[in-house]
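Single-structure report; data block below.
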Amino acid sequence: MEASKVQRPEFQRLADTRVRSRLRKQLLDWFTESARDLPWRRDPTPYKVWVSEIMCQQTQIATVIPYFERFIAKYPDESALAQSDEAELMRLWEGLGYYRRARSLRAAAQVIVEEHQGQFPLAFDAVLALPGIGRYTAGAILSISQNQRLPILEGNTIRVFSRWIGMRDPVDEKATQDVLWQLSETMLPATKPSQVSREIGPAAFNQAAMELGALVCTPRQPKCLLCPVAKQCEAYRMGWQEEIPIKLGKTKYESRTEYAALLQDASKRWLVRQLPEGVRFAGMWDFPKAGPPQANSVQHFERWLSSELGGHVRLGDVNHTMKHAVTKYRITLQVHLADWKPEQDSLPKGNPLPTGWKYCTAAQLSKLPMSTTGRRLLKRVTARAD
DNA sequence: AATACGGGGTG
DNA sequence: CACCCAGTATT
């Protein structure tokens with residue numbers, strides 16, 4: 001029997017081709033009934049699937065939907081994206097987080113225009129070579145848009161697949177990931193494009209597996225009684241569904257205090273700068289801000305800002321305190337009103353600011369990308385001014 | 001292998 | 001508050 005040629009014992013009963021086949025059918029029947037109506041599912045071109053996949057990375061679907069609609073309206077194809085103004089693109093992306101995604105997207109569009117004649121490449125290696133696209137995203141784009149038989153593995157499917165086979169090894173280890181990638185591929189329906197439609201091929205299977213993870217096979221309190229494939233699920237059989245996937249690395253959160261200064265010129269414009277490459281929020285605009293190791297205290301911050309600008313900056317008392325989180329950091333931002341007395345010598349005439357710094361009105365800032373916290377701060381201070 | 005990268009949703 | 005989310009790139 002074909003099933004005796006087991007790929008991997010870790011697959012448990014899914015090593016049997018008939019069991020896999022039954023699971024696939026039940027999953028796909030469920031998906032036909034239960035699939036959400038997501039905007040990128042209506043016309044799954046490589047471009048739209050690509051944009052949706054990048055936006056969805058580490059981001060909940062509900063958050064993405066309005067961003068996706070605005071994005072496609074403004075940048076309908078690779079060429080439009082390649083020619084986009086970076087600040088406008090970042091402004092559109094504002095609030096989604098992981099801003100490098102937006103910059104990589106634009107860079108990749110330029111590669112597509114220059115090296116692929118403006119047509120999204122359909123070869124796995126070419127897709128993988130694009131900036132911002134890793135193994136998951138390359139497989140997702142080509143399986144979903146082209147029905148290519150390519151496996152995927154991300155947050156949902158790590159959980160779904162590891163439960164299916166009752167995986168007790170920590171899923172953050174490479175060996176475990178390898179098993180799950182292999183399972184992901186083994187589970188895919190056969191690829192005979194002439195016979196297999198997008199409805200029951202790899203396109204549907206990959207989306208169905210993720211959809212199951214999002215709607216049924218959830219991180220906590222999975223809805224096993226509603227699960228179309230519970231009968232094939234080892235975790236459910238053993239009662240392990242709450243503990244799988246097992247993770248070793250626990251996030252260590254770190255509290256951190258950062259400082260910001262509100263500094264206006266005679267025309268009440270705000271002192272801001274565009275963050276340089278290589279730092280957090282690169283390319284976005286922000287008020288003067290620093291934290292450890294630049295500024296371990298408000299006195300350090302005052303000194304740091306003085307040396308940045310030249311002359312002497314004097315900070316007032318804390319004017320706002322804002323809490324926000326950036327990855328593992330839990331940041332308390334202390335905002336101070338500030339005065340700046342430039343060195344006389346540094347101002348030959350007019351008021352040339354040091355490189356990188358600029359005064360902007362609130363209206364100008366409304367067109368520039370800022371971090372969510374920066375935008376919230378601006379809203380607060382302008383609301384007060386009214 | 002470990003870390004950086006955002007911000008919001010959820011129990 | 002801790003964990004999670006259609007991950008990737010860098011160290």
Side-chain angles (χ1 to χ4, degrees), chain A residues 35-36 38 40-41 44 48-68 90 93-105 107-108 127-141 143-145 150-161 170-177 181 184 203 206-215 217-222 242 245 247-256 275 277-284 286 322-331 369-376:
Chain A
R36 289 169 292 182
L38 302 177
W40 47 89
R41 285 187 176 158
K48 288 183 184 175
V49 174
W50 171 41
V51 172
S52 74
E53 289 299 337
I54 300 297
M55 285 188 171
C56 285
Q57 288 172 8
Q58 297 295 292
T59 308
Q60 307 217 219
I61 302 299
T63 306
V64 167
I65 292 174
Y67 283 90
F68 177 83
M90 299 297 280
W93 202 272
E94 191 180 293
L96 256 191
Y98 286 123
Y99 298 97
R100 185 170 56 185
R101 293 183 294 178
R103 297 149 72 86
S104 297
L105 207 50
V127 176
L128 190 60
L130 295 171
I133 295 185
R135 184 176 179 187
Y136 161 75
T137 304
I141 294 169
S143 64
I144 293 172
S145 72
L150 292 167
I152 58 163
L153 196 66
E154 39 64 76
N156 287 303
T157 42
I158 287 171
R159 188 171 59 253
V160 168
F161 296 159
V171 294
D172 33 18
E173 286 175 358
K174 186 177 187 316
T176 310
Q177 296 269 319
W181 273 106
S184 180
N206 283 343
Q207 293 182 87
M210 291 190 282
E211 197 83 337
L212 189 73
L215 301 181
C217 196
T218 46
R220 278 166 296 187
Q221 301 176 23
E242 295 276 3
K247 290 186 184 176
L248 236 40
K250 302 287 180 201
T251 324
K252 281 179 289 184
Y253 294 93
E254 194 176 320
S255 293
R256 184 181 164 91
L275 277 342
E277 298 301 312
V279 307
R280 218 157 62 188
F281 302 117
M284 305 185 83
D286 201 4
M322 305 176 74
K323 291 182 183 295
H324 66 115
V326 178
T327 62
K328 69 172 187 176
Y329 299 104
R330 298 165 52 179
I331 300 170
M370 303 181 80
S371 71
T372 294
T373 302
R375 185 71 63 195
R376 196 176 320 169

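Reminder, nothing fancy here: chain letters follow the sequence lines and each chain counts from 1.
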Q.
Need one value for E53(A): base, sugar-phosphate or nothing, where a base atom within 4.0 Å counts as base even if backbone is also close, heavy atoms only.
A. base
- Item | dG6(B) base / T59(A) side chain donor-acceptor hit below 3.5 Å | yes
Among dC5(B), dA6(C), dG7(B), the one nearest any side-chain atom of S371(A) is dG7(B)
To the nearest angstrom, the CE-C1' distance between M55(A) and dT8(C) comes to 17 Å
- Looking across every strand, which nucleic acid part, if any, lies under 4.0 Å from F281(A) by heavy atom: base, sugar-phosphate, or nothing? sugar-phosphate
Confirm from the modelled atom types if Q60(A) and dG8(B) form a donor-acceptor pair under 3.5 Å, side chain to base only.
yes
Under 4.0 angstrom between Q58(A) side-chain N/O and dG7(C) OP1 or OP2 = yes
E254(A) CD to dC1(C) C1', in whole Å, measures 17 Å
* Which part of the nucleic acid, if any, lies within reach of T137(A) when heavy atoms closer than 4.0 Å are counted: base, sugar-phosphate only, or nothing? -> sugar-phosphate
Regarding the side chain of R220(A), the nearest nucleotide among dG7(C), dC3(C), dG8(B) is dC3(C)
Per nearest nucleotide of DNA chain B, the residue lying toward the 5' end, Q221(A) or H324(A), is H324(A)
Next item on the list: Could you tell me how the ring of F281(A) sits relative to the ring of Y99(A): parallel (under 30°), tilted (30 to 60°) or perpendicular (over 60°)?
Entry: tilted
From the list I141(A), N206(A), I144(A), T137(A), side-chain contact (heavy atoms from CB on, under 4.5 Å) partner of I152(A) resolves to N206(A)
* To do: Taking only the side-chain nitrogens and oxygens of T63(A), find out if one of them lies under 4.0 Å from OP1 or OP2 of dG8(B).
  => no
Regarding the side chain of K328(A), the nearest nucleotide among dA4(B), dG7(B), dC5(C) is dA4(B)
- [ ] For L96(A), answer base if it contacts any base atom (sugar-phosphate contacts may also be present), sugar-phosphate if it contacts only those atoms, and nothing otherwise; contact means non-hydrogen atoms under 4.0 Å.
- [x] base
Taking dA4(B), dC5(C), dG6(B) as options, the one with an atom nearest any side-chain atom of R100(A) is dA4(B)
Just to be sure I understand the rule, does G95(A) reach a base, reach only the sugar-phosphate, or reach nothing, if contact means heavy atoms closer than 4.0 Å?
sugar-phosphate
(Q) Base, sugar-phosphate or nothing for I133(A)? Non-hydrogen atoms, less than 4.0 Å. (A) sugar-phosphate
Taken to the nearest whole Å, NZ/K252(A) to P/dC3(C) is 13 Å
message: So L38(A), base contact, sugar-phosphate only, or nothing? Heavy-atom distance under 4.0 Å.
response: base
Base, sugar-phosphate alone, or nothing: which one does W40(A) contact when heavy atoms must sit under 4.0 Å apart? base
Taking dA1(B), dG7(C), dG11(B) as options, the one with an atom nearest any side-chain atom of K174(A) is dA1(B)
Assign each of A175(A) and R101(A) the nucleotide of DNA chain B bearing its closest heavy atom; nearer the 5' end lies the nucleotide of A175(A)
Notebook entry, point to check: OP1 or OP2 of dG7(B) less than 4.0 angstrom from a side-chain nitrogen or oxygen of Y99(A), does that happen here?
Noted result: yes
Nearest-angstrom distance, P atom, dT3(B) to dC3(C): 16 Å
Exercise for the section: Just call it for Q207(A): base, sugar-phosphate, or nothing, with non-hydrogen atoms closer than 4.0 Å on any strand. Expected result: nothing
Indicate, with a heavy-atom threshold strictly under 4.0 Å, whether T372(A) touches base, sugar-phosphate, or nothing.
sugar-phosphate
Of the listed dA6(C), dC4(C), dC5(B), the closest approach to the Y329(A) side chain comes from dC5(B)
- Can you check whether any acceptor in the base of dG6(B) is under 3.5 Å from a donor in the side chain of Y98(A), or vice versa? yes
**Asked** Got S184(A) and F161(A) here, is their nearest side-chain heavy-atom distance under 4.5 Å?
**Response** yes
In whole angstroms, the gap separating P of dT10(B) from CG of L215(A) amounts to 13 Å
Among the nucleotides dG7(B), dA6(C), dG9(B), whichever has the atom closest to the side chain of V326(A) is dG7(B)
Atom CD1 of I65(A) and atom C1' of dC5(C) are separated, to the nearest Å, by 14 Å
Quick note, R330(A) side chain, CB onward, closest among dC1(C), dA6(C), dA4(B) is dC1(C)
